[in-house]
Structure formats: C-alpha cells, structure tokens
Number of protein chains: 2
Amino acid sequence: MDETEKLQTHRRGSGVSTVYETLRNEIIELKLPPGSPIDEQQLSDRFALSRTPIREALVRLAAEGLITTLTNRATIVSNIDFLGLPEFFDALTLMYRVTTRLAATNHTEGDIAAIRVQQKAFEIAVTNRDVLGMISTNRDFHIAIAQAGRNRYYVELFTRLLDEGRRILRLYYSSFNDVLPRQYVGEHEEMIQAIINRDVARADSLASAHADQIVGQIRSYITADSRQTAGLAL
Amino acid sequence: MDETEKLQTHRRGSGVSTVYETLRNEIIELKLPPGSPIDEQQLSDRFALSRTPIREALVRLAAEGLITTLTNRATIVSNIDFLGLPEFFDALTLMYRVTTRLAATNHTEGDIAAIRVQQKAFEIAVTNRDVLGMISTNRDFHIAIAQAGRNRYYVELFTRLLDEGRRILRLYYSSFNDVLPRQYVGEHEEMIQAIINRDVARADSLASAHADQIVGQIRSYITADSRQTAGLAL
DNA sequence: TGCCGACTTCTTGTCGACAATAAAAATACA
DNA sequence: TGTATTTTTATTGTCGACAAGAAGTCGGCA
C-alpha cells in the first residue's frame, strides 16, 4: 500500500482535504486500526505533500477525536473507548430518536427520495451478504433521515456517533448473522412509512426499537463468551 | 489592545493552545464581532509566534465553526446564523433536558459541590447586576450539571450550544431586565434539589421550563420592535 | 465616457530546514 | 550482572521564505 497518491495537479488547498478524507475513511474502516502510529513524514511521502498540509489534516482529525496526539512524542489512531460505551449507546439512541422524529415533521419529497436510495443500497448489501456494505449503507440511510430532519447540530453529532459505531461494528463484523439484517430492512421500511405519514409518535417508537436492536447487537458481540476451551476436561 | 502577549518562555506546543483559547474567548465574548477579518500575520506579531502555530489554532477554531475560511482569500469570525435559530433552540432545549436528567441519575456528591459553586457565582453576578457575568456563570452552571451527567457527547454539544448562546445574548445584553435573572436563580435552585433527590421526572420538567424561559427571552430580544422612528409624522 | 485586460498587491497555502523533546541505545559504575 | 547516566536517534513543533490565488488598481481601447 505504499503507492504514492500522485495527484500532481494539486489545486492549492485541495490536498489537505484529500488527506483528511482519506485518513478519515481509513480510520473508520479500520484500515488504520486503533493505536496505529501516524507518521507525518511517511504521510508526507505518500501524498507528495509537505508536512505542513499533512499536519493541518491531522489537527482536524484530532479535533474530531479520531486521532490522539501525544505531545512531542507521537500521534496515534484513537482507541475505541469501551469504558465509555454506555455513554455512546445513550447518545446514539437519543440521536436515532430525535432525528427520526424531526424527519417525520420536516421532510420534503426530495428527502424521501434520498432516503429511499440509501435504503435500496442497504437492501442490496443485505442480499449480497456484503457485511461491510451493510454497515456503511446503514449509516448513510440514517444520516439521510437526519438530514431530512433539518437540524445541523443533530446531523453532526449523529454522524460522529454512527462513524464511531462503524469502527466498533467492524471489529466484530465477522460474527454478523443473516436474520438480523433482514429484520433491519423491514424496520427501515416501517420507519420510512412513519416519516411519510408524518407520524411522529410512531417514528419515535420505531427509532427507539431500532436503536435498541442495534445497541443490543453490539452489546452481544462484545460480551459474547468465546472461551471455547472452557469446557475441556482437566 | 495591540500589546503583544509576551510569553517569552513558550513551552513547546503551549503557544498554540494559548492562541486557540484566547481567540476562542474573544470570539465568544464578541471582542471579535462576527465578520471580523482574522489576519494571520497580525496574530503572528501579536503572539510573537510564527504563522504555523497560529494557523493550527485557526484550523481548530474552524473545525468548531467559530471562524469561516474563504479559501485563498480571507478568514473571518463566523456570523451568527439567525436563519438557523430554530434548530439552535431545539438542540439547546434537548440538551438542557438530557443533561439535567442524567445529572439526577449519575451525580456524585462532588458534582453537587461543583454545581453549587457555579450557582453561587451566578447569584453574585445577579446581585451585582453584572450582566456579562450572569451570561457566563449561567453557562458554567449548566455545564457543571452536564458534567455530573457523565456523558461526554452531551457535554461537548451542550458546551458548543451554550457558547453560541453567549454570543447571541451578548448581542442583546443591554436589554437584560432585572426580574428574569432573579427568577433564574430560583429555577436553578429547584433544579439542584431535583438532582439531589434523583427525581428524574422533575429534573426534566424543570430543565424543560428553564429552557423555554431562556429561548423565549432570546426570541423576545430578537423580535423586539425597536423602530423608534416609526411613529413620527411624515 | 465606459468597459475590458494586464498589473500590482495583499493574503493565504506550501515548502524545506532547524530546534526541542522524549524514547531508545549505549556506556559507565557499583 | 544490574542500575543509573549519558548519548544517540527519531519525531514532533516552529520558523522564515517562497509560490499561488484573488481582489483591487491602473491603463488602454472602443
């Protein structure tokens, strides 16, 4: 993976966004696993840029909490904070609910179309058993809903939470089973209907249940007892 | 105000935090009003630092939305988005409620002490009719509550919202009257009691009412009809 | 006089080099 | 042989200078 991203024709100031987005994706997709050291010089070589714009991108990532800089020493990809997981679940659930409620209230026809596109993509990922695709299209689906809700503060926080969720899910994605995703498709469909009908109460309860599903799923992965040698005779 | 902040003994890497915090405060306190141009060279002179660390601080501020960079042209203090005010009020109210609820559930004795300190400071500002002090101690009071709730996501968002609120309030602070702040002191006191009693429902409804108060106050300032020449004979 | 284009200037974006700091390695000592 | 101390090394933080882009200025042309 040492191919230098050779975009010789850097439009002035475009490089830093490229670096930012590239790294951001690689962090969320766990190509750069938590704890990975981030070497400025190395990135400088890779993107054929000076260290200055690289640094700028890193500062942005640090502001989002995606990387952690140990002053004067090193900067690493932030670890997933398992101790803070309850907080994460609480905030995630609240954002699921709030954004879906607002979508039911504020959506336009264009929003519905956008949501349907994402739902379709999610469905395809499910039929293809493309677990990675499922994780990211599920995120896009809910962000589309959030955007229909028209509240940038919620969109921003929700995006951060969902992306953090993507990191966690990728850690466990091997154990994805088949029945749950199918169920999600149905739940998504119901949510879309509730939004279209502007039924806030139903949108809320569906979002709440959906959040519980997902939180429960993550919880079960994390607490899964995989001590396969526990039962052996001693 | 052209006195150069002469901290000759910069501990390596401390300078950028100083710049960040100083500018952040000046923006929130409207010493740098919305739309003010931010000149890197000028800041470089003022803080006796090279443009590089200045730039780093600016990137951080931009990530928080406090400044806006027009690419290749200029960077200015972000304008207050009056069109987005409904979103702001909605998010603010939600955060008031959520953080107060969580505080009722999760607080420790130390948290209560910290909250009381801020409440006292707010009271003093009220008795002194120190409007600017009221605005900032009120913020600190609610952040203390949020911290007692132990959810960093909410603390972060709430802090951003309250700081944005400080900017808005400062725009209108001249019209602060006397009765409202006194009322706030009482409401704060009730909130503390509800938190101590771990009465989530009451904490919620108090927070909700308190939020409505403040939102209503801001709204009334903004929509206040101050066309003093409207009635003149023509 | 009014509009279009080259030029100037000012600010931002980028670069390569240097300084400081902390970890790691090497050395001295008990 | 183990520990404390010095030296080395690698990486970050900072600097001054240069390049590029955009707004404003000036001059030429219809």
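None of the values given here were measured: they were computed from a predicted structure. Proteins come first, then strands; the chains are lettered A, B, ... in the order of their sequence lines, and each starts at number 1. Side chains included, hydrogens not; waters and symmetry mates left out as well; all remaining heavy atoms used.
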Using atom names, set out every protein N or O paired with an N or O of nucleotides 9-12 of chain C below 3.5 Å, distance rounded to 0.1 Å.
residue: dT12(C); atom: OP1; partner: Ile38(B); partner atom: O; Å: 3.1
residue: dT12(C); atom: O2; partner: Arg12(A); partner atom: NH2; Å: 2.3

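- Ile38(B) places none of its side-chain heavy atoms less than 4.5 Å from the side chain of Ile76(B).
- Between the CG atom of Asp45(A) and the P atom of dC15(C) there is a distance of 12 Å, given to the nearest Å.
- Computed from coordinates, the Ile76(A) CD1 to dT12(D) P distance equals 12 Å when rounded to whole Å.
- Atom-to-atom, CZ of Phe47(B) to P of dC15(D) comes out at 13 Å; the value is rounded to the nearest Å.
- Going from atom CD1 of Ile67(A) over to atom P of dT12(D) covers 10 Å, rounded to whole Å.
- With sequence neighbours left out, Arg116(A) forms a salt bridge (charged side-chain N to carboxylate O under 4.0 Å, His left out) with Glu189(A).
- Contacts of Phe158(A) classified as ring-ring contact (aromatic ring centres under 6.0 Å, His included), with partners at least two apart in sequence or in another chain: Tyr96(A).
- With contacts defined as side-chain heavy-atom distances shorter than 4.5 Å, the pair Thr99(A)/His142(A) does not qualify.
- Screening Ile115(A), Asp111(A), Ile112(A) for a side chain to side chain contact (heavy atoms under 4.5 Å, CB included) with Ile145(A), the sole residue that qualifies is Ile115(A).
- Between Asp90(A) and Tyr153(B), the side chains place no donor N or O within less than 3.5 Å of an acceptor N or O (distance only, hydrogens not considered).
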